[in-house]
Amino acid sequence: MEDGRQERFRALYLWARPRIVAYALRRARTAEDAADVLAETFAIAWRRFDELPAGEDALLWLYATAGNVLSNAARGERRRSNLVERIAATLDEDEILVASPDEGALLALVALRSLGKDDREVLMLTAWEGLDATGVGSVLGCSPGAARVRILRARRRLDGLIAALSSQGIPEKHGAFTGHKEGEGAAFGRPPEEA
């Protein structure tokens, strides 16, 4: 009897997989997230296989399940983001600037706070927590390659903000804050091998 259940599930999987993949890819942030949605959807389908409707209705059930998986993931992400923001809000700016209370530190802090929360988190993970792309990817739930792209883009946006602030009369002496000497560019938290 178990063999028959496995064969029926396998047939359902082969038939519905392309549709669920397409559904997830159109809604998930990344291909990795879509793969997670696919895996979780079919894991639920296996556990509740006896409850699945027959025929085309099974596909609708799978769509609904995939939608719930996506919603749960989004709620979890919002909870994590809210927690990070609450923790960050408790930090005293004076404590952050104590290590380097110069104009460069203030410039970098203003630029960092002007970035979106995703960019801020990536840069804080690399510069303040000392994580490499593999570590950042693990924390953010993405591949090391995707993390490298996120880090690079966040650094470019920060560099642009620092340049814009500097052009408004704030000197670009942020080396003490970012760990780079003046004249090395506006790289934020770049590991030595990438500088």
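Side-chain atoms are counted along with the backbone in the values below, which use heavy atoms only and exclude waters and symmetry mates.
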Quick one: do L59 and W15 satisfy side chain to side chain contact (heavy atoms under 4.5 Å, CB included)? Show the steps, please.
CA-CA 9 Å; L59 181 61; W15 171 71; 3.7 Å; yes

Side chains of L115 and L161: closer than 4.5 Å at any heavy-atom pair?
yes

Heavy atoms only: give me the nearest L25-A34 pair and the separation to one decimal.
CD2-CB, 3.5 Å

Report, as yes or no, whether the 6.0 Å neighbourhood of atom CZ on R153 holds more than 12 heavy atoms from other residues, nucleotides or ligands.
no

Could you walk me through whether T41 and Y23 pass the side chain to side chain contact (heavy atoms under 4.5 Å, CB included) test, one step at a time?
CA-CA 11 Å; T41 298; Y23 176 92; over 6 Å; no

Could you tell me if the side chain of Y13 sits less than 4.5 Å from the side chain of L38, heavy atoms only?
yes

Worked verdict on T65 versus F42 for side chain to side chain contact (heavy atoms under 4.5 Å, CB included)
CA-CA 9 Å; T65 302; F42 279 100; over 6 Å; no

Can you find a heavy atom in the side chain of W61 that is under 4.5 Å from one in the side chain of E51?
no

Closest non-hydrogen atoms of A58 and L12, given as atom of the first, atom of the second and distance, are CB-CD1, 4.0 Å

Are L60 and W46 linked, directly or through other ILVMFWY residues, by side chains that come within less than 4.5 angstrom of each other?
yes

Candidate pair F9 and L52, rule side chain to side chain contact (heavy atoms under 4.5 Å, CB included), full reasoning
CA-CA 10 Å; F9 181 80; L52 259 68; over 6 Å; no

Salt-bridge criterion met for R5 and D50 (N-O under 4.0 Å)
yes

Does the side chain of T126 reach to within under 4.5 Å of the side chain of R155, using non-hydrogen atoms?
yes

Going only through I, L, V, M, F, W and Y residues with side-chain contacts under 4.5 Å, is there a path from M124 to V149?
no

Flag the pair L158 / I162 as yes when at least one side-chain heavy-atom distance between them is below 4.5 Å, and no otherwise.
yes

Taking all non-hydrogen atoms of both residues into account, name the closest pair between A66 and I20 and its distance.
CB-CG2, 4.4 Å

Tell me the closest heavy-atom pair linking D119 and A154, and the distance in Å.
OD1-CB, 3.6 Å

Among I151, L140, D132, which residue meets the side-chain contact (heavy atoms from CB on, under 4.5 Å) test with L125?
L140

For A147 and C142 the tightest heavy-atom approach is N-SG, 3.8 Å

